[in-house]
Amino acid sequence: MPAVRSQLLEVVHDAYPETFEGVTPTKSLGESIFSGLTPHPNEVLNLFIQQELTSALPMAYYMAVRKGLNSLMDTHLPKSATLSPETLRTAMGGLMALREVELNETHRLVFGPKDAHSCSGSNCPSRTPTSPAALGTYQKVFDYVVGPSQLGTRVLQVPEFHQDSGGDTACVFPGVCRGCMEWWESGHAKLRKKAWERLPEVFGLS
Ligand SMILES: [Zn+2]
């Protein structure tokens, strides 16, 4: 049994990594590694708490809160996926803290000043950052990145600024230049790293 357990733990540690460096958008993370029926993230969280897998707990908490309160407190879940009042309190506190980081940091990133050289398009709305056209675009970018709050948080999710359109990749926000997109993309990567580093703290694990 110890040998089987340590092999399983290796798989778990890959899917619930402890450091940000292990997280790439293409890698399958979280409950998708379990074979058979995908467990509810609450169920995984309960299992890890019971098994004292401390290093995997920040990510397991994140996966559970990511889908918001309706998922976290779903009353139709089996007992194994129902969180204890204590776990639920920790998870909700963490969700609120993460959402605050997500909203504040994304706002700063999208509406805040850009590096003078980053805007490269002559028709890009960022040429006149205080114009109604620019502010309208920034609001759309902001809403797109953070999503509606009843859905939880997407703070660790890479925002897709490009879409496939007939074999070509097109920007989700027409008119916005490549330089501005790259500014937001690299800024969001920093934001994700920052949020990741706060996971243990917001879930009371540090
Ligand atoms: Zn621009």
Side-chain angles (χ1 to χ4, degrees), residues 15-30 32 58-59 61-71 94-203:
Y16 292 83
E18 205 176 353
T19 62
F20 184 75
E21 274 62 43
V23 182
T24 53
T26 51
K27 197 169 171 185
S28 63
L29 288 176
S32 60
M59 185 71 185
Y61 266 110
Y62 175 76
M63 294 305 281
V65 306
R66 190 172 69 101
K67 293 175 178 171
L69 295 182
N70 285 345
S71 162
L95 172 58
M96 284 170 73
L98 283 180
R99 186 68 183 165
E100 198 177 313
V101 170
E102 181 176 30
L103 293 176
N104 290 343
E105 296 284 330
T106 307
H107 194 276
R108 198 169 299 150
L109 172 66
V110 176
F111 286 87
K114 286 186 195 56
D115 177 22
H117 302 289
S118 70
C119 186
S120 55
S122 53
N123 295 320
C124 179
S126 278
R127 281 283 148 143
T128 45
T130 51
S131 67
L135 293 176
T137 303
Y138 294 166
Q139 188 64 49
K140 277 187 206 151
V141 173
F142 177 80
D143 292 344
Y144 178 77
V145 173
V146 298
S149 26
Q150 71 268 26
L151 291 181
T153 176
R154 323 208 267 193
V155 72
L156 295 184
Q157 198 173 312
V158 181
E160 292 289 342
F161 287 123
H162 297 93
Q163 266 173 355
D164 247 352
S165 73
D168 247 359
T169 53
C171 178
V172 176
F173 304 99
V176 175
C177 77
R178 174 164 284 278
C180 287
M181 278 295 138
E182 284 169 0
W183 174 264
W184 287 327
E185 279 168 351
S186 68
H188 199 272
K190 286 183 205 143
L191 186 163
R192 292 196 298 277
K193 189 168 195 306
K194 212 170 178 176
W196 178 273
E197 282 161 359
R198 288 203 52 196
L199 289 185
E201 173 215 325
V202 301
F203 293 117

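In each ligand, atom 1 is the first atom listed, and ligand 1 is the first ligand listed.
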Colleague: Give a yes-or-no answer on whether the side chains of Ser126 and Tyr138 include a donor-acceptor pair shorter than 3.5 Å.
Modeller: yes
Colleague: Please assess Tyr144 against Phe173 for the test ring-ring contact (aromatic ring centres under 6.0 Å, His included), listing each intermediate value before the final yes or no.
Modeller: CA-CA 10 Å; Tyr144 178 77; Phe173 304 99; 5.3 Å; yes
Colleague: Kindly determine whether Val172 and His162 satisfy side-chain contact (heavy atoms from CB on, under 4.5 Å), including the steps that lead there.
Modeller: CA-CA 5 Å; Val172 176; His162 297 93; 5.7 Å; no
Colleague: Would a 4.5 Å heavy-atom cut-off, applied to side chains only, mark Met59 and Pro17 as touching?
Modeller: yes
Colleague: Within less than 2.8 Å, report the number of protein N/O/S atoms around the Zn ion (ligand 1).
Modeller: 4
Colleague: Tell me the salt bridge (charged side-chain N to carboxylate O under 4.0 Å, His left out) pairs involving residues 100-113, sequence neighbours left out?
Modeller: Arg99-Glu102, Glu105-Arg108, Glu105-Lys194
Colleague: Does Asn70 have more than 12 heavy atoms from other residues, nucleotides or ligands lying within 6.0 Å of its CG?
Modeller: no
